[in-house]
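What follows is a single structure, written as structure tokens, with notes after it.
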Amino acid sequence: MNIITDERCTTYRAPGHPERPERISRTVEKLKQQSAIKINWSVPAQIEDSWVLRAHTKDHVARLTAPDDFDVDTPFFPKIDSLARTSVGGAVAAMEFARRNEFALSLLRPPGHHATRNQAMGFCYLNSVAIAVLQALATGVKRVAVYDFDVHHGNGTEAILLNHPGVSFYSIHQYPCYPGTGSRNVGDNCYNFPVPPHTPRLEYRQILQGALQHLGDSKPELIAVSAGFDAYARDPLAQETLEHEDFQWLGRSFRKLGIPVFSVLEGGYSEDLPELILAYLQGLEQG
């Protein structure tokens, strides 16, 4: 199991904000203490501007350096443009591991799946998963599927990849919930699986399974996972019901597909995040 991280991603915070450095630092500590799975620690890839500009406008990239908050949830931080690029580099590195048939998780912040082509929002500045997917397509992969199990709809990934040849997008998320999108399928490649608040675990898992079956039917060469752990029963930002065992089941389910897969951390704001990530990785690694 390859884990891509960089301690620089823990150097910024906003007081009281749920997207905090401890999400990474406590998870790294947990993973280093455990012995259930063997981990290869790695660093983010160096990225090129042209890769970012496949997903974002030049104006958006320039805006990341302007010292003004993007919205009430998405503050400006010094060097946030560089930190967001580091997250992109983590996703690209994870993608490259997957193309060598190795499991990988990009364990970095900020997350990315809410960032649209021209807007930072929802704690996200650059859309790491979308950039990594477009880089895979540009370097020889013919068909990629994105599976987003964050409890919030991956609106930015959807907007960037909408009707893009060679890509299919599957988002399983609470609805209604932030950002208010994802109630129906859009275009010819974006499939949404809205889940009502407080859906019982087994029903939620059935919806996740249905999306996995749909993904498998598309026969991708590569799977990108936006791994958000905020559908957990005790996450403070949503009202869902999943437990540790469900995230481990998700990991096992990806392994059983037999298709190269890489994962990128998105949300997850409970104190139990390190244990949830470990459960997911155990499912991936051990089947």
Side-chain angles (χ1 to χ4, degrees), residues 3-33 41-45 47 52 56 60-94 105-116 119-129 131 148 150-152 154-157 177-179 226-232 234-238 247 263-278 280-281:
I3 305 292
I4 301 102
T5 195
D6 187 321
E7 64 182 7
R8 288 176 295 180
C9 78
T10 64
T11 59
Y12 71 97
R13 73 165 67 238
H17 200 290
E19 206 294 282
R20 59 198 190 279
E22 291 78 11
R23 299 178 64 236
I24 305 302
S25 60
R26 291 182 60 244
T27 301
V28 168
E29 181 181 10
K30 177 70 176 180
L31 295 179
K32 287 185 174 180
Q33 290 174 347
W41 295 92
S42 190
V43 297
I47 66 166
V52 176
H56 296 286
H60 174 67
V61 173
R63 170 67 178 87
L64 296 181
T65 64
D68 297 298
D69 290 346
F70 300 89
D71 60 31
V72 66
D73 296 320
T74 314
F76 172 83
F77 298 97
K79 300 183 179 179
I80 194 60
D81 59 328
S82 175
L83 293 165
R85 285 172 179 266
T86 299
S87 282
V88 171
V92 171
L105 168 70
S106 177
L107 182 61
L108 291 160
R109 58 192 285 267
H113 75 149
H114 293 308
T116 68
Q119 183 179 3
M121 59 182 289
F123 319 161
C124 302
Y125 302 86
L126 293 174
N127 198 308
S128 301
V129 159
I131 294 168
D148 187 332
D150 189 288
V151 81
H152 303 102
N155 62 299
T157 310
C177 194
Y178 180 90
S226 274
F229 296 85
D230 35 12
Y232 178 53
R234 285 164 287 287
D235 194 277
L237 297 192
F247 294 106
S263 303
V264 177
L265 179 65
E266 300 286 2
Y269 307 98
S270 77
E271 292 298 319
D272 296 331
L273 179 63
E275 289 75 18
L276 301 178
I277 291 175
L278 177 57
Y280 174 69
L281 295 177

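This structure is a prediction, so every number in the text was calculated from the model and none was measured. Numbering starts at 1 and runs along the sequence shown.
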Inset, instruction - Only counting residues at least two apart or in another chain, list the ones meeting ring-ring contact (aromatic ring centres under 6.0 Å, His included) with His113. - result: none

Legend entry - Pairs touching residues 69-80 that satisfy side-chain hydrogen bond (donor to acceptor under 3.5 Å, both in side chains), sequence neighbours left out: Asp71-Thr74

Inset, instruction - Start with the C-alpha gap between His56 and Asn127, add the side-chain angles, then the distance that decides, and say whether side-chain hydrogen bond (donor to acceptor under 3.5 Å, both in side chains) holds. - result: CA-CA 8 Å; His56 296 286; Asn127 198 308; 5.8 Å; no

Inset, instruction - Give a yes or no answer on whether the side chain of Asp235 reaches the backbone of Tyr269 with a donor-acceptor pair at less than 3.5 Å. - result: yes

Legend entry - Pairs touching residues 81-93 that satisfy salt bridge (Lys or Arg N to Asp or Glu O under 4.0 Å), sequence neighbours left out: Asp49-Arg85

Inset, instruction - Ignoring hydrogens and angles, tell me if any N or O in the side chain of Ser263 forms a donor-acceptor pair with the backbone of Leu105 under 3.5 Å. - result: no

Inset, instruction - Give a yes or no on whether Arg234 atom CZ has more than 12 heavy-atom contacts from other residues, nucleotides or ligands under 6.0 Å away. - result: yes

Legend entry - Main-chain N/O of Pro110 paired to Glu19 side chain as donor or acceptor, under 3.5 Å: no

Inset, instruction - Answer yes or no: is there a donor N or O on one side and an acceptor on the other, between the side chain of Thr11 and the main chain of Glu7, under 3.5 Å? - result: no

Inset, instruction - Kindly say whether the aromatic ring centers of Phe123 and Phe70 come within a distance under 6.0 Å. - result: no

Inset, instruction - Mind checking ring-ring contact (aromatic ring centres under 6.0 Å, His included) for Tyr232 and listing every partner two or more places apart, or none if nothing turns up? - result: His244

Inset, instruction - For Tyr178 and Gly122, indicate whether the former's side chain and the latter's backbone hold a donor-acceptor pair under 3.5 Å. - result: yes

Inset, instruction - Please determine, by modelled atom types, if Tyr125 and Ser87 share a side-chain donor-acceptor pair under 3.5 angstrom. - result: no

Legend entry - Between Asp150 and Ser226, a side-chain donor and acceptor under 3.5 Å: no

Inset, instruction - Could you tell me whether Glu271 and Arg20 have a side-chain N and a carboxylate O separated by less than 4.0 Å? - result: yes

Inset, instruction - Quick one: list whatever passes side-chain contact (heavy atoms from CB on, under 4.5 Å) with Pro274, sequence neighbours left out. - result: Arg26, Thr27, Lys30

Inset, instruction - Can you sort out the partners of Pro21 under side-chain contact (heavy atoms from CB on, under 4.5 Å), two or more places apart, ordered by chain and number? - result: Thr10, Arg13, Arg109

Legend entry - Backbone N/O of Ala66 and side chain of Arg63: donor-acceptor pair under 3.5 Å: yes

Inset, instruction - Establish, yes or no, whether a centroid distance under 6.0 Å links the rings of Phe247 and Tyr280. - result: no

